Amino acid sequence: QVQLVESGGGLVQAGGSLRLTCAASGRTFSSSAMGWFRQAPGKEREFVAAITWVHSTNYADFVKERFTISRDNAKKAVYLQMNSLKAEDTALYYCAAARRGTAWEKDEFDYWGQGTQVTVSS
């Protein structure tokens, strides 16, 4: 069983930055694809970014060149550096892990954290 715990969310002004951290435990982290998703009130959970076991990355169009996903296998952690935040980035951000090394779609991820709230004031 994989456990994921997110941290780093908070309240920030538009244009500011936050760094989210996801701490993983329970299985071989280095061979798993990891992802970040978000869900705003009244909306479906949507893909933000993902990183494969060989560190290939993919981003949603709305966060390209603003957000960066990275991982540290030694620490079993994945990060989401968020810059130039906008009010529309306000959401609950979830970390997710896949059993396999490559995953891009929401349905391909098997384990989820509880989320960390990001609120961007305009």
Side-chain angles (χ1 to χ4, degrees):
Q1 188 70 19
V2 175
Q3 293 182 336
L4 304 171
V5 179
E6 303 97 335
S7 62
L11 174 64
V12 63
Q13 289 187 335
S17 299
L18 284 174
R19 187 193 195 208
L20 305 184
T21 299
C22 173
S25 63
R27 70 186 301 268
T28 303
F29 175 82
S30 61
S31 61
S32 298
M34 301 295 297
W36 286 98
F37 293 77
R38 71 185 189 185
Q39 188 168 16
K43 296 186 177 181
E44 293 190 356
R45 192 171 301 186
E46 62 182 357
F47 170 78
V48 175
I51 184 167
T52 70
W53 71 291
V54 291
H55 295 226
S56 296
T57 59
N58 190 30
Y59 297 91
D61 287 343
F62 55 77
V63 302
K64 283 183 179 177
E65 299 184 8
R66 297 191 300 127
F67 292 8
T68 302
I69 188 171
S70 60
R71 64 190 297 162
D72 185 334
N73 289 340
K75 295 182 178 180
K76 290 190 177 181
V78 63
Y79 308 99
L80 186 67
Q81 178 65 44
M82 305 187 295
N83 299 327
S84 302
L85 283 162
K86 305 175 182 179
E88 51 263 44
D89 294 319
T90 295
L92 189 60
Y93 283 71
Y94 294 92
C95 175
R99 291 191 184 95
R100 54 185 185 175
T102 299
W104 304 119
E105 302 292 333
K106 184 169 57 178
D107 292 345
E108 295 178 301
F109 288 86
D110 305 288
Y111 305 99
W112 296 82
Q114 294 299 307
T116 185
Q117 178 67 38
V118 172
T119 303
V120 183
S121 62
S122 57

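All of these numbers come straight from a predicted model, not from anything done at the bench. All heavy atoms count here, side chains included; hydrogens, waters and symmetry mates do not.
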Heavy-atom pair with the smallest gap, counting every atom of [X] and [Y]:
X	Y	answer
Gly113	Glu6	CA-OE2, 3.2 Å
Leu4	Tyr111	CD1-O, 3.5 Å
Met34	Cys22	CE-SG, 4.3 Å
Glu108	Glu105	OE1-N, 2.7 Å
Leu18	Val118	CD1-CG1, 3.9 Å
Thr90	Ala40	O-CB, 3.8 Å

Using side-chain heavy atoms (C-beta onward) and a distance below 4.5 Å, is [X] in contact with [Y]?
X	Y	value
Phe67	Ile69	no
Cys95	Val78	yes
Met82	Trp36	no
Thr68	Leu80	no

Thr119 OG1 to Gln13 CD distance, which is reported to the nearest 0.5 Å: 13.0 Å
Atom CD of Gln3: over 12 foreign heavy atoms under 6.0 Å: no
Does atom CD of Glu88 have more than 12 heavy-atom neighbours from other groups under 6.0 Å away? yes
Give a yes or no answer on whether the side chain of [X] reaches the backbone of [Y] with a donor-acceptor pair at less than 3.5 Å.
X	Y	value
Thr116	Gly9	yes
Asp72	Lys75	yes
Ser32	Ala98	yes

Centroid separation under 6.0 Å, is that true for the rings of Phe109 and Phe37? yes
[Y] ring centre to [X] NZ or CZ under 6.0 Å, with the angle to the axis within 45°?
X	Y	value
Arg100	Trp53	no
Arg19	Tyr79	yes
Arg45	Tyr94	yes
Arg71	Phe29	yes

side-chain contact (heavy atoms from CB on, under 4.5 Å), that's the test. Do Gln81 and Ser70 meet it? Break it down for me. CA-CA 8 Å; Gln81 178 65 44; Ser70 60; over 6 Å; no
Hydrophobic cluster identity match, [X] and [Y], side-chain contacts under 4.5 Å:
X	Y	result
Tyr59	Trp104	no
Phe47	Phe62	no
Leu92	Val63	no

What pairs with Tyr93 under ring pair (Phe, Tyr, Trp, His ring centres under 6.0 Å), at least two apart in sequence or on another chain? none
Decide salt bridge (charged side-chain N to carboxylate O under 4.0 Å, His left out) for Lys64 and Asp61; before the verdict, give the C-alpha distance in whole Å, the side-chain angles of both, and the deciding distance to 0.1 Å. CA-CA 5 Å; Lys64 283 183 179 177; Asp61 287 343; 3.2 Å; yes
